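Just so we're clear, the structure is a prediction, and the values are computed from it rather than from any experiment.
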Number of protein chains: 2
Amino acid sequence: MTSGNKSDKVNMKTLAAELKLSTATISKALRDSYDIGQETKQRVMEAARRLNYVPNVYASSLRRQSSNTIAIIIPEIADSFFSQAINGIESIIAPEKYHSLIYLTHDDYQREASMLSDLASGRVDGVIMSVASNTEDTSHIKTLQETGIPIVFFDRVCEDVNADKIITDDFNSAYIATSHLLQSGCKNISLITISGFPSILSAREQGYRKALADNGITIEETGIVTCSNKYNTENVGIIKEHLSTAMPDGIVATVEHLATSTYLACDELKLKIPDDVKVICFTNQITAAILNPPLTTILQPAYDMGKQAAEILFGRLSGRIITTEQELVMPSQLIARASTSSN
Amino acid sequence: MTSGNKSDKVNMKTLAAELKLSTATISKALRDSYDIGQETKQRVMEAARRLNYVPNVYASSLRRQSSNTIAIIIPEIADSFFSQAINGIESIIAPEKYHSLIYLTHDDYQREASMLSDLASGRVDGVIMSVASNTEDTSHIKTLQETGIPIVFFDRVCEDVNADKIITDDFNSAYIATSHLLQSGCKNISLITISGFPSILSAREQGYRKALADNGITIEETGIVTCSNKYNTENVGIIKEHLSTAMPDGIVATVEHLATSTYLACDELKLKIPDDVKVICFTNQITAAILNPPLTTILQPAYDMGKQAAEILFGRLSGRIITTEQELVMPSQLIARASTSSN
DNA sequence: ATGAAAGCGCTAACAA
DNA sequence: TTGTTAGCGCTTTCAT
């Protein structure tokens, strides 16, 4: 430590003294206010640079009652979908000099609730979130909204909360996925899914059911397998069990890790994909293309969803958007690969 | 909005008025100070709960000159290594009620420098970072340190900055990776790497060279291929070119996306892995196991590196650690899979 | 055990 | 165009 340690912290008072001006003038000059002379502005800027002045954000936030900070609340981060979404959000907020606090709920309602209640402190100006899968009571969300902090949901939304929502059409995507398997020759298609989280998973299940129904196929309940929402070997066991008993020739996996578990299960049972079983999955892994065999996917536009969420949030924060809450449905994309090829 | 909109914001003054106490007493009671009576504490807590009091963090941070917030500065987030590291960091800071601001440098020195300079504002109490690959001038980092904010590096560290560092032994890992290929029968091993970022990549390159040298193999410079640090098709072209001309029978890929590019390049050239070319890669993708064929990896303990970084940072913040900066080397793990099997 | 008062650093009326 | 002043909401001496 040569110079510039904690003691000689330079603030507006320092600058004011240095230039024999008032802090008010400094403040205005730094924010490029119209009623400060060009020459003064120059002097202030120069001094600020020279003395390494950095404004204290807490003082500023306290005074302005706003923080240029948003919260991103998501279940997990080591998940390609959410990571890409964060990238999308960041692409919008970084140029605006906003900052983002990350909160991981680990899909736990309690944690989510306590995080939301903390945010009522005014720590952030707005929130972008994807709710935990076991969130049923939404009062913590409504309470935060009542403080005037705008919330934008993406992907995992709360049906009974009025807020902007960015989603993909899960019903339709599942319908298309299932139809794709039917067209590839499957006669006995199972859905492998996880419990909880109605707004997405049940939509996917409905789409799956509808596609079968529209093709005159009745679903025995055994066609739907519910796994745990963890990437673990237990799921592989459940899937193996199902493959051996129900003998499906097609699998729709509703989340990423279920496809990898399905691959492992097939491998252990010596079932060939796609000859014995065809697999399609909702996912965002860029590596899906080089799985063994390449996995047919329903790809959610994660980056763009994040980007849209941030744009709408900024619209609200700036007052540019004052219309009633909107629900934006973004298209998913079916990318056919070898895991569903007909022969 | 039924109740509780912005106007009736409840602060300490509200509580004080409600209970006919001073704000000083409220403040102490809420922080469970010893010189407040039990009964008073109860009353204060009850009122706080009843009126939904949430302390204003900006006022508190301003007054205390500390924020219970840290910055996590990383090149990318849609990268399994960094995501897992964030998880590790979060596992330590969340229980301590700390908050984390995420900054993505996109591997750009300019962005990194401007982010660091912003942090001199006192926005955060400490920083955990992995530096951009093209960062050479480290003055922005030293400047921030001089303000008294502790910085802990992980993975991508700055050699010439005195700070705590959490790294893996890249030299040794590359040595082991290369030896593994030699033991699997490779005679002509190439290193596929990216430019920039000396502390890690050059260590990996050195380890690769040493392993070859120790086995009496001279490296023609063509054995080292430098790609761009983007996941793109251009790299696939570069790798194809190299595979066709140098005809290596073994590839050490220094970063994740180069392995996937190598897979694609081999596929396009109809080269079979591992029969024609064996591949090993530094990575953290959980899906490596189900690639086609399963990819042999050198796995960095991403989660634990993040966790350690956070623990050391907290040690500094709390004054528990006052020793000179330490460099913690964490072991990588070689996981042999089919992409390097001998036949 | 409780309270009065000062002030963290900044911003925004309002005055000059 | 610049300055004065009064806080933002909280914490912390120092009194009482």
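The side chain of Asn11(A) approaches dG9(C) more closely than any other nucleotide in the set dG9(C), dA12(C), dA4(C). The side chain of Leu62(B) approaches dC8(C) more closely than any other nucleotide in the set dT1(D), dC10(D), dC8(C). Relative to the side chain of Ser22(A), the nucleotides dG3(D), dC8(C), dT11(C) differ in distance, and dG3(D) lies closest. For Thr25(A), the side-chain atoms get nearest to dT2(D) when compared with the rest of dA12(C), dT2(D), dC10(D). Side-chain atoms of Arg64(B) lie closest to dT12(D) of the nucleotides dT12(D), dG9(C), dT11(C).
In this structure, Ser61(B) reaches neither bases nor backbone, as no heavy-atom distance under 4.0 Å exists between it and the strands shown. Nucleic acid contact class of Lys20(B) (heavy atoms, under 4.0 Å, all strands): sugar-phosphate only. Nucleic acid contact for Leu21(B): sugar-phosphate only, since backbone atoms but no base atoms lie under 4.0 Å from a heavy atom of the residue.
The residue among Met12(A) and Gln38(B) whose nearest nucleotide of DNA chain C lies closer to the 5′ end is Gln38(B). Judged by closest nucleotide on DNA chain C, Tyr34(B) is the one of Val54(A) and Tyr34(B) placed further toward the 5' end. Mapping Arg63(B) and Arg63(A) onto DNA chain D by nearest heavy atom places Arg63(A) at the nucleotide closer to the 5' end.
Checking Ile77(A), Ile72(A), Ile73(A) one by one against Leu104(A), the side chain to side chain contact (heavy atoms under 4.5 Å, CB included) holds for a single residue, Ile77(A).
One side chain, Thr25(B) or Ser22(B), offers a donor N or O that lies under 3.5 Å from an acceptor on the other. Side-chain contact check for Asp108(B) and Thr105(B): no donor-acceptor pair (N or O, by modelled atom type) lies under 3.5 Å.
By the neighbour-count criterion of 12 heavy atoms within 6.0 Å, atom NZ of Lys142(A) is densely surrounded, having more than that number from other residues, nucleotides or ligands.
Distance CG (Leu15(B)) to P (dG3(C)): 13 Å, rounded to an integer number of Å. The CZ atom of Arg31(A) sits 9 Å away from the C1' atom of dC10(C) (whole-angstrom rounding). One can place NZ of Lys9(B) at 11 Å from C1' of dG9(D), the figure rounded to the nearest angstrom. One atom, CD1 of Ile26(A), and another, P of dT1(D), lie 16 Å apart when rounded to the nearest Å. Atom P of nucleotide dA5(C) and atom NZ of Lys13(B) are separated by 14 Å, given to the nearest angstrom. When the C1' atom of dC8(D) is taken as reference, atom CG of Asn56(A) falls 13 Å away, rounded to whole Å. Atom CG of Leu19(B) and atom C1' of dG3(C) are 15 Å apart (whole Å). Note: OH (Tyr58(B)) to P (dG9(C)) measures 18 Å, nearest angstrom.
Using cut-offs of 30° and 60° for the angle between ring planes, the Tyr109(A) and His140(A) rings count as perpendicular.
Contact of Lys28(A) with dG3(D) (side chain to base): a donor-acceptor pair of N or O atoms is detected under 3.5 Å.
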* **Working for salt bridge (charged side-chain N to carboxylate O under 4.0 Å, His left out), residues Glu112(A) and Arg156(A)** => CA-CA 13 Å; Glu112(A) 182 179 283; Arg156(A) 303 194 186 174; over 6 Å; no
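Under 4.0 angstrom from either OP1 or OP2 of dG9(C) there lies at least one side-chain N or O belonging to Gln65(B). Side-chain nitrogen and oxygen atoms of Tyr53(A) include at least one within less than 4.0 Å of the OP1 or OP2 phosphate oxygen of dC10(C). A sub-4.0 Å separation between OP1 or OP2 of dT11(D) and a side-chain N or O of Ser60(B) is present.
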